[in-house]
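Right, one structure below, let's go through it.
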Amino acid sequence: MFFSQILNKQVVCMFEAVQAGTLVGLVLNEKYNKINGFVIEGGERYFLPANKVFVYGDVFLIKNKTVLQVFDNKTNDFIGKNCFLTNGKTIGALMDIDFEPNGKIMDFCFQDCTKTASELLYFNQVGIFQSEKRILKTNIFPRANNQTETDKIMVKTLKEILPVKIETDSQALIGRLVLKDLFGQSNEIIAKKNQIVNQKTIEIVKRHNKINDLFFSVGAK
């Protein structure tokens, strides 16, 4: 199933017999490998948990409007955002998302290729995907007897380096200004824009496994 196949479908409250709104977006989990729920436009934006949908058909059937939650996290608007590889190359704009009926993400679809959920590292204003697992660079060095030997240099990828660096330097975040709201696992704000990071902020962010995101959401001291 593709996101494009369910985009703009009507969401209907079964017990109230009214339309709740239109499906306009997806909310993924922290690992970007499963759908947590859907973004519904119905006068204002709502979050619809995936486990509250009774039927996926011509319309989405839900029990009633009480299962909807007010939603204002714009970072989950995935479609159309530009994506890049960790080697600096451009993939292009994300065109579609392929997922199974149980919500498991299969592929992120671009014009010229697809990428799996395991290759997606970060997604905010842009998407960052892992490039090749390893890059082999071959250099030829002359030897004293005019013979040559091949020296293969293993280059670490960004995914191998960043988590260690960020975790080690987490104390360096103290005193920095938060440039944008940072959301937790249930879409609650765990670090507000213009807030100064302190030790308590770091502890809260770590509990939500968002320390990497905080690193990219603060300015210089």
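Below, all heavy atoms of this structure are taken into account, side chains as well, without hydrogens, waters or symmetry copies.
- Connection of L120 to M95 is not established within any shared hydrophobic cluster, with ILVMFWY side chains joined at heavy-atom distances below 4.5 Å, either directly or through further cluster members.
- F123 and M106 are not part of a single hydrophobic cluster, where members link through side-chain heavy atoms under 4.5 Å apart.
- At least one donor-acceptor pair closer than 3.5 Å links the side chain of D181 to the backbone N or O of K193.
- I35 contributes atom CD1, which lies 10.5 Å from atom CD of E100 (distance to the nearest 0.5 angstrom).
- Nearest approach of V205 to I211, heavy atoms of both residues: CG1-N, 3.4 Å.
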* Under the side chain to side chain contact (heavy atoms under 4.5 Å, CB included) criterion, do E30 and K210 qualify, and how do the steps go? -> CA-CA 9 Å; E30 294 294 314; K210 288 280 188 174; 3.1 Å; yes
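- Between the D213 side chain and the S217 main chain, no donor and acceptor come within less than 3.5 Å of each other.
- Atoms CD1 and CD1, from I174 and I202 in turn, are 4.0 Å apart once rounded to the nearest 0.5 Å.
- Put simply, CZ on F108 and CZ on F78 are 6.5 Å apart, with the number rounded to the nearest 0.5 Å.
- The line from CG of N198 to OG1 of T201 is 3.5 Å long, rounded to the nearest 0.5 Å.
- In this structure, the side chain of D96 engages the main chain of S4 through a donor-acceptor pair within 3.5 Å.
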* Asked: After noting the C-alpha distance and the side-chain angles of R45 and V24, does the key distance pass the side chain to side chain contact (heavy atoms under 4.5 Å, CB included) rule?
  -> CA-CA 9 Å; R45 287 199 162 195; V24 296; 4.0 Å; yes
* Under the ring-ring contact (aromatic ring centres under 6.0 Å, His included) criterion, do F110 and F129 qualify, and how do the steps go? -> CA-CA 12 Å; F110 300 88; F129 284 82; 5.6 Å; yes
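- More than 12 heavy atoms of other residues, nucleotides or ligands shown are found within 6.0 angstrom of CD on E203.
- Nearest heavy-atom pair, C113 versus I91, reported as atom, atom and distance to 0.1 Å: SG-CG2, 3.7 Å.
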Determine all donor-acceptor pairs shorter than 3.5 Å in which one atom belongs to a side chain in residues 59-69; sequence neighbours excluded.
| residue | atom | partner | partner atom | Å |
| --- | --- | --- | --- | --- |
| N64 | OD1 | T66 | N | 3.1 |
| N64 | OD1 | T66 | OG1 | 2.2 |

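- To the nearest 0.5 Å, atom CZ of residue F3 and atom CG of residue L26 are 4.5 Å apart.
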* Check step by step if side chain to side chain contact (heavy atoms under 4.5 Å, CB included) holds for I189 and L182. => CA-CA 6 Å; I189 296 178; L182 184 63; over 6 Å; no
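- Here the closest non-hydrogen pair linking C109 and F2 is SG-CE2, 3.9 Å.
- The side-chain heavy atoms of I40 and L23, taken from C-beta on, include a pair separated by under 4.5 Å.
- Minimum interatomic distance between A93 and G80 (heavy atoms only, all atoms of both residues): CB-O, 3.8 Å.
- Atom CZ of F99 sits about 10.0 Å away from atom CG of L28, to the nearest 0.5 Å.
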* Quick one: do I105 and K31 satisfy side chain to side chain contact (heavy atoms under 4.5 Å, CB included)? Show the steps, please. => CA-CA 10 Å; I105 300 297; K31 295 182 179 180; over 6 Å; no
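- For NZ of K34, the number of neighbouring non-hydrogen atoms (other residues, nucleotides, ligands) closer than 6.0 Å is 12 at most.
- Atom NZ of K9 sits in a crowded spot, with more than 12 heavy atoms from other residues, nucleotides or ligands closer than 6.0 Å.
- Under the 3.5 Å distance criterion, the side-chain polar atoms of T86 are matched with a main-chain donor or acceptor of S131.
- Across all non-hydrogen atoms, the minimal contact from D107 to T116 is OD1-CG2, 3.8 Å.
- At a threshold of 4.5 Å between side-chain heavy atoms, the hydrophobic network of Ile, Leu, Val, Met, Phe, Trp and Tyr places M14 and V18 in two separate groups.
- Enclosure of atom CG in N51 by more than 12 non-hydrogen atoms of other residues, nucleotides or ligands within 6.0 angstrom is indicated.
- Considering all non-hydrogen atoms of both residues, L48 and V11 come closest at CD2-CG1, 4.3 Å.
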